[in-house]
Asks: 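Please read through the structure below; I'll follow up with questions.
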Amino acid sequence: MIKTTDRRKILGLFFFVLIAVTSYIFLVQFAAVAPAQLRVNVGDKVALDNLFPGCISTRLTARVFEEEGVLQWREGKKQNFSLLQKESPIAAVPGDVKLDLRLFGVIPFKKVTLQVVPPVKVMAGGHSIGVLLTADGVMVVGYSHITLENGSKVCPAKEVDLLPGALILNVEGTAVHSDLHLSYLIDHLARKKEEIRLRVKYQEKTKEIKVKPQFCRETRRYRIGLLVRDGAAGVGTLTFYDSKTKKFGALGHIITNSGAPGAWDFKNGRIVPASVQSIQKGQPGKIGEKIGFFGEKGISGNITKNTQFGIFGELRYNLANPIFSKPLPVAMGHQVKEGPATILTVLKNEKIEAFQVSIQTVFSRPRSDGKALIIKVTDQKLISKTGGIIQGMSGSPIIQEGKLVGAVTHVLINDPTKGYGVLAEVMLEEAGLLSERKEGVSGGFSSVVSGNRI
């Protein structure tokens, strides 16, 4: 028989091993989600404690492998430093630094590449903008069944797998220029032949589809059962622009193909001035919206990119910001922290206003759709007017401690006072204002366009 004292020793050893294994798994998980590459601006402190919970960061030290002179300490050069901010070195000049993070200075934890870049400053946005995209062809956004003379309903396009998100490029060899042009071609050709050929593009692949139009009792023309549009338009918010290059970023999220994954496949895109005339207040389960119209004088620019981090392009001329008249420094992702912040947006006409929010969560690694923050509106004035975050507010810049940290992107449907944000760092990278990282390492767009039936 096992003695009581032996049983206690075995049980104690078991719990010790269990705690050790659990702790190791816990540490491995945090090391896995922490980014392997980070940026800091020249002049910034290399404070990495925000990357990990306090119980971990207080026990981590970083062994430094650097290009000569990239980091600078107050009291001579060091080979190791704690992640605590009070002991952090200063990023002195551009260059790369390899950091070997170790627990208690001994146990290997994470290898991080620190990229020191020249400081980037941009003008804060907050301006209300109209966004206009024109498709290269006509976009299928859904199905619209055809009512025949006998009252039955059919959808020829669905029967031949012409899917939402597809671009119709031509009909019987004739290039399609608009939704009305497509409607005319289908009706005109269907009166001469039973079956027509469509050239379509779907998810970067082009193919030919044959379809049999049917005469619609309601519209008195031949149709194939689709809802289409030849462009997208809506109201959003400018996030930032660079006064030297005139490059801008806005929205903070992608404009998608209706009914299909991926970006809107556009031929031409531009931003124009927008004036907010009224607000549809949001409430739990119902998203609010800015109601406005597009103007002719004011903001003007071309859109060159539409990505999960927003839309990007170049302004034709510089703009003024009445709240922040000078360029703001941009915070890198690991420098953003939980706490109070400010957003800039327009609620009436073209007037930019500042409102208080709280950054409640900073994701250790941004999601694939760009969401990296959870924010909560704390400004009672904004809540009373909008209910919180509404459509048309996407792209509103988020400013914390004098730095641009991100942009508002989406609202939480069940709680409109809360929403998501994207990091300013990744938006600047998409805009071409930051060099790309080295290898190895529902939106709030207020739509004002509906589809046309064909």
Asks: Hey, does the side chain of Lys385 reach the backbone of Leu347 with a donor-acceptor pair shorter than 3.5 angstrom?
Replies: no
Asks: Could you pull out the closest heavy-atom pair between Ile129 and Ala250, with the gap in Å?
Replies: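 Of all heavy-atom pairs spanning Ile129 and Ala250, the closest is CD1-CB, 3.7 Å.
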Asks: Sort out for me which residue in Glu194, Glu159, Glu195 forms a salt bridge (charged side-chain N to carboxylate O under 4.0 Å, His left out) with Lys212.
Replies: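 Filter result, single survivor: Glu194.
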Asks: Is there a side-chain contact between Ile291 and Gln277 in this structure, where contact means two heavy atoms from C-beta onward sitting under 4.5 Å apart?
Replies: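 Side chain of Ile291 against side chain of Gln277, heavy atoms only: no contact under 4.5 Å found.
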Asks: Roughly how far, to the nearest 0.5 Å, is the OG1 atom of Thr345 from the CE atom of Met393?
Replies: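 Taking CE in Met393 and OG1 in Thr345, the distance rounds to 5.0 Å.
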Asks: Quick one: closest heavy-atom pair of Pro416 and Pro284, and the distance?
Replies: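 That closest heavy-atom pairing would be CD-N, 3.8 Å.
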Asks: Heavy-atom distance under 4.5 Å between the side chains of Thr417 and Lys376, does that happen here?
Replies: yes
Asks: Classify the ring geometry of His410 against Tyr420: parallel below 30°, tilted from 30° to 60°, perpendicular beyond 60°.
Replies: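 Geometry flag for Tyr420 against His410: perpendicular rings.
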Asks: Within the 4.5 Å heavy-atom criterion, are Glu353 and Leu344 side-chain neighbours or not?
Replies: no
Asks: Looking at Lys337, is its backbone amide N or carbonyl O close enough to the side chain of Gln400 to form a donor-acceptor pair, meaning the two atoms are under 3.5 Å apart?
Replies: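 Yes; judged by distance alone, with no hydrogens or angles, the pair exists.
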Asks: Could Arg39 and Glu429 be called an ion pair, given the rule that one side-chain N must be under 4.0 Å from one carboxylate O?
Replies: yes
Asks: How long is the gap from NE2 on His127 to CZ on Phe248, to the nearest 0.5 Å?
Replies: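 Result: 12.5 Å between the selected atoms.
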Asks: For the atom pair OG (Ser144) and NZ (Lys153), what is the distance rounded to the nearest 0.5 Å?
Replies: 8.5 Å
Asks: Determine whether Ile311 and Ile271 make a side-chain contact, defined as any pair of heavy atoms from C-beta on separated by less than 4.5 Å.
Replies: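 They are in side-chain contact.
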Asks: I'd like to know if the side chain of Ser384 reaches the main chain of Gln380, judged simply by a donor and an acceptor atom lying under 3.5 Å from each other, with no hydrogens or angles considered.
Replies: yes
Asks: Are His334 and Val40 side-chain neighbours, meaning at least one heavy-atom pair lies under 4.5 Å?
Replies: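 A side-chain contact under 4.5 Å exists here.
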Asks: Between Lys246 and Glu314, does any side-chain N to carboxylate O distance fall below 4.0 Å?
Replies: no
Asks: For Asn41 and Val117: C-alpha separation, side-chain torsions, deciding distance, then whether side chain to side chain contact (heavy atoms under 4.5 Å, CB included) applies.
Replies: CA-CA 5 Å; Asn41 289 319; Val117 298; 3.5 Å; yes
Asks: Look only at the side chain of Thr304 and the backbone of Phe312, and say whether a donor-acceptor pair between them is shorter than 3.5 Å.
Replies: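 Checked: pair present.
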Asks: In Å and rounded to the nearest 0.5 Å, what is the CD1 to CD1 distance from Ile224 to Ile186?
Replies: 4.0 Å
Asks: Identify the heavy atoms of Leu433 and Phe240 that sit nearest to each other, and give their distance.
Replies: CD1-CE1, 3.8 Å
Asks: Without swapping roles, check the side chain of Asn349 against the backbone of Ser275 for a donor-acceptor pair under 3.5 Å.
Replies: no
Asks: Roughly how far, to the nearest 0.5 Å, is NZ of Lys348 from CD of Glu350?
Replies: 10.5 Å
Asks: Output, in order, the C-alpha distance, side-chain angles, deciding distance and verdict of side chain to side chain donor-acceptor pair (under 3.5 Å) for Lys201 and Thr206.
Replies: CA-CA 4 Å; Lys201 181 180 179 182; Thr206 304; 5.9 Å; no
Asks: Of the non-hydrogen atoms in Val138 and Asp179, which two are nearest, and what is the gap between them?
Replies: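 In this case the closest contact between Val138 and Asp179 is CG2-N, 3.8 Å.
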Asks: Drop me the distance from Ile146's CD1 to Leu148's CG, to the nearest 0.5 angstrom.
Replies: 7.0 Å
Asks: Would you check if the side chain of Glu425 reaches a backbone N or O of Gly333 as a donor-acceptor pair within less than 3.5 Å?
Replies: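 At least one qualifying donor-acceptor pair exists.
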Asks: Between Leu423 and Leu373, is there a side-chain heavy-atom distance shorter than 4.5 Å?
Replies: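 Answer yes - side chains close enough.
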Asks: Is there a donor-acceptor contact under 3.5 Å from the side chain of Asn321 to the main chain of Ala124?
Replies: yes
Asks: Are any of the side-chain nitrogens in Glu149 or Arg220 under 4.0 Å away from the carboxylate oxygens of its partner?
Replies: yes
Asks: Please report the C-alpha distance between Val377 and Ile389 in whole Å, then the side-chain angles of each, then the deciding distance to 0.1 Å, and finally whether the side chain to side chain contact (heavy atoms under 4.5 Å, CB included) criterion is met.
Replies: CA-CA 8 Å; Val377 176; Ile389 298 169; 3.9 Å; yes
Asks: Between Val70 and Asp96, is a side chain to side chain contact (heavy atoms under 4.5 Å, CB included) present by the stated rule, with each step listed?
Replies: CA-CA 8 Å; Val70 175; Asp96 288 343; over 6 Å; no
Asks: Does a salt bridge link Asp369 with Lys371, judged by any charged N lying under 4.0 Å from a carboxylate O?
Replies: yes
Asks: May I have the step-by-step check of side chain to side chain contact (heavy atoms under 4.5 Å, CB included) for Ile359 and Val405, ending in yes or no?
Replies: CA-CA 10 Å; Ile359 299 177; Val405 301; 4.3 Å; yes
Asks: So which heavy atom on Leu162 is nearest to which on Tyr143, and how close?
Replies: O-OH, 3.0 Å
Asks: Please answer whether the main-chain N or O of Gln356 pairs with a side-chain N or O of Asp379 as donor and acceptor at a distance below 3.5 Å.
Replies: yes
Asks: Counting C-beta onward and ignoring hydrogens, is there a side-chain heavy-atom pair between Thr237 and Lys290 closer than 4.5 Å?
Replies: yes
Asks: Is it the case that over 12 heavy atoms from other parts of the model lie below 6.0 angstrom from the NZ atom of Lys281?
Replies: yes
Asks: Do other residues, nucleotides or ligands put more than 12 heavy atoms under 6.0 Å from the OH atom of Tyr184?
Replies: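 It does not: Tyr184 OH has 12 such atoms or fewer within range.
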Asks: Judged by modelled atom types alone, do Gln115 and Thr113 share a side-chain donor-acceptor pair under 3.5 Å?
Replies: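 Result is no, nothing qualifies.
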Asks: Look only at the side chain of Ser394 and the backbone of Gly236, and say whether a donor-acceptor pair between them is shorter than 3.5 Å.
Replies: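 The answer is no, because no donor-acceptor pair under 3.5 Å joins these two groups.
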Asks: Return yes if some donor-acceptor pair links the side-chain N/O of Asp415 with the main-chain N/O of Leu412 below 3.5 Å, else return no.
Replies: no
Asks: For Ala424 versus Leu404, what's the shortest heavy-atom pair and its separation?
Replies: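 Distance-wise, the nearest heavy atoms are CB-O, 3.7 Å.
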Asks: Check whether any side-chain heavy atom of Leu182 lies under 4.5 Å from a side-chain heavy atom of Val171, and answer yes or no.
Replies: yes
